[in-house]
Amino acid sequence: MSASDQQFDERNTVFARENLVPGSPEFEEYYRDHPELLEIDNKIRSLPGEGSGMHTADYRMFGSAAMIMKEIGSPQMVDGEPSSVKIELPKSQITTKIKAYAKLLGADLVGISKLNPAFVYSHHGRLIYPEEPFGSKIKLDHRFAISLGFREDPEIVRTAPYPSEMIETGAVYLRSAVVSVVLAEYIRSLGFPARAHHFRNYQALPVPIAVDAGLGELGRCGFLITKEFGNCLRLSTVTTDLPLERDKPVDIGIQDFCNMCKICAEVCPSGSIPKGDKISVRGFERWKLDEVKCISYWNKIGSDCGMCIGSCPWSLPDKWWHRLSTNFATRSHLARVILLRLYPIIFGKYKPKPMPGWMEARRNNSQ
Ligand code: SF4
Ligand code: SF4
């Protein structure tokens, strides 16, 4: 299968589809080509929707982060002309510098891969920036991708599906957006093309890029799972032509662990996470999340859910005993079996922690 056959069209993401406005030219065009999706997408649009399950004072925390991300997601902020003066350093030196600067800016994990063209969206699907119209073809032929990982607070994430999880997610996405935009600007100032990809403006898929860059592996839940933070992190990316040294994908035992563990699939209130085997998706073997069921649940409760993150054994707080056990789990099948047996005995069934005291009670549709 060629890379262009493997590319995903951003118009087909459920986030793009739910935002189509009935009667608009984009709506008419999309459902003329995909009539089979109209009924299910109308159902998603008819649900109470994002923020409806939260107190307005809390939802506006997420809204303010999203507004700033929109500003720094504009085509002028994520991309630009490189400086006409090239500053060149040996590859190993500039790679070390880029990684150190990304961490200094706030990234917790940094890895570098060759940019696989299959991980670039084929067409724009979001209706955010007029300069990137819905359905326009994406041309991104950078050679490298810098994957940036940002830790979420596991104590707050373990309040999922309460809305505090969504506030934390918005705050961490904002940090990831700022760092990607500054890093891309820095690389352009050295005279090389670079583009940031973050929550408000992606041209490339952050999760498979992070896998290629050695940050972790793709888990059953559809998220990246890292040795350091489990799936309790958010990602942004910078793509560039600056010559960099590449990292290698890692084997930390996640495929084996997720094969045996189905905790997230059992906890998921919408049945979105498969309990069975991987399937082939555009030529890649993976567990396939049902995004329609997942987002329908979000729109029903009126906030993000995130229970698949809060319940994952890899995402426990950063304590010595957790670091020790994940160290063993990355190395041996036997350790993975033992940990998986011990986990429910020690932690029991997933139960959300209470929301922090500064959050208001949620509204009725999320009870
Ligand atoms: S966010 Fe919630 S509904 Fe969606 S897959 Fe995770 S657990 Fe399931
Ligand atoms: S909860 Fe278990 S099955 Fe799900 S992603 Fe985490 S380790 Fe894998």
Side-chain angles (χ1 to χ4, degrees), residues 13-15 18 44 47-50 53 152 154 156-170 172-173 207 210-211 215-234 251-278 285-317 322 325-326 328-330 333 335-344 346-352 362 365-366:
T13 62
V14 73
F15 290 111
E18 72 163 346
I44 295 173
L47 291 165
E50 183 184 280
E152 290 188 273
I156 298 191
V157 169
R158 286 173 80 80
T159 65
Y162 295 133
S164 32
E165 186 273 342
M166 181 169 165
I167 308 297
E168 170 67 8
T169 298
V172 177
Y173 266 134
V207 175
V211 172
L215 262 57
E217 293 182 48
L218 181 63
R220 179 185 291 279
C221 58
F223 284 96
L224 179 80
I225 304 200
T226 64
K227 181 179 165 187
E228 295 83 356
F229 315 127
N231 57 3
C232 196
L233 85 167
R234 299 286 155 172
D251 176 356
I252 52 171
I254 299 298
Q255 307 312 304
D256 183 38
F257 199 96
C258 289
N259 253 328
M260 300 183 283
C261 167
K262 297 180 173 57
I263 292 175
C264 55
E266 275 151 14
V267 160
C268 175
S270 62
S272 308
I273 301 174
K275 292 185 178 148
D277 294 336
K278 295 178 185 174
E285 289 296 308
R286 53 171 296 190
W287 286 286
K288 175 80 180 77
L289 183 82
D290 187 329
E291 290 93 354
V292 166
K293 282 188 186 168
C294 174
I295 202 151
S296 298
Y297 182 71
W298 292 15
N299 282 355
K300 189 171 138 221
I301 66 169
S303 71
D304 287 8
C305 161
M307 289 167 77
C308 46
I309 308 175
S311 63
C312 179
W314 289 80
S315 299
L316 288 165
H322 181 50
S325 47
T326 47
F328 281 126
T330 55
H333 172 73
R336 294 192 273 274
V337 172
I338 294 170
L339 285 170
L340 206 44
R341 295 250 165 95
L342 286 177
Y343 184 80
I346 298 172
F347 294 99
K349 234 177 147 205
Y350 178 73
K351 196 165 163 268
R362 44 199 242 178
N365 64 333
S366 60

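As the structure lists them, so they are numbered: ligands from 1, and atoms in each ligand from 1. Sequential numbering from 1 along the given sequence is applied to the chain's residues.
Judged by distance alone, the side chain of Tyr350 and the main-chain N or O of Arg158 form a donor-acceptor pair under 3.5 Å. Between the Trp287 side chain and the Gly276 main chain, a donor and an acceptor come within less than 3.5 Å of each other. Distance alone, capped at 3.5 Å, places no donor-acceptor pair between the Asp256 side chain and the His333 backbone. In this structure, Ser315 contributes its side chain and Asn231 its backbone to a donor-acceptor pair below 3.5 Å. Between the side chain of Glu18 and the backbone N or O of Thr13 there is no donor-acceptor pair closer than 3.5 Å.
For atom 3 (S) of ligand 1, the closest non-hydrogen atom of the protein is Ser270 OG, 3.2 Å. If you check which protein heavy atom lies closest to atom 8 (Fe) of ligand 1, you get Cys268 SG, 2.3 Å. In terms of protein heavy-atom proximity, atom 4 (Fe) of ligand 1 is closest to Cys294 SG, 2.4 Å. The protein non-hydrogen atom at the shortest distance from atom 5 (S) of ligand 2 is Ile225 CD1, 3.4 Å. For atom 6 (Fe) of ligand 1, the closest non-hydrogen atom of the protein is Cys308 SG, 2.4 Å. Looking at atom 2 (Fe) of ligand 1, its nearest protein heavy atom turns out to be Cys305 SG, 2.3 Å.
Under the 4.5 Å side-chain criterion, counting only non-hydrogen atoms from C-beta, Ile254 is in contact with Trp314. Put simply, the side chain of Leu316 reaches to within 4.5 Å of the side chain of Tyr343, judged on heavy atoms. Put simply, the side chain of Leu289 reaches to within 4.5 Å of the side chain of Ile273, judged on heavy atoms.
Per-residue contacts place Ile273 under 4.0 angstrom from the following atoms of ligand 1 (heavy atoms of the residue considered): 5 (S). Proximity to Trp298 (heavy-atom distance under 4.0 Å) selects the following atoms of ligand 1: 1 (S), 4 (Fe). Heavy-atom proximity to Gly306, at under 4.0 Å, picks out these atoms of ligand 1: 1 (S), 2 (Fe). Residue contact check: Leu289 has heavy atoms under 4.0 Å from atoms 5 (S) of ligand 1.
Applying the 6.0 Å contact sphere to CZ of Phe347 captures more than 12 heavy atoms from other residues, nucleotides or ligands.
For atom 2 (Fe) of ligand 2, protein N, O or S atoms closer than 2.8 Å were enumerated as Cys261 SG, with waters left out.
Scored by the salt bridge (charged side-chain N to carboxylate O under 4.0 Å, His left out) test, Lys275 finds no partners at all (sequence neighbours excluded). Listed by chain and residue number, Glu152, Glu165 satisfy the salt bridge (charged side-chain N to carboxylate O under 4.0 Å, His left out) test with Arg234 (two or more places apart in sequence, or in another chain). Contacts of Val292 classified as side-chain contact (heavy atoms from CB on, under 4.5 Å), with partners at least two apart in sequence or in another chain: Val14, Arg17, Ile40, Ile44, Asp290, Ser296.
Of all the heavy atoms of Ile309, none lies under 4.0 Å from any atom of ligand 1, so neither backbone nor side chain is involved. Neither the backbone nor the side chain of Asp304 has a heavy atom within less than 4.0 Å of ligand 1.
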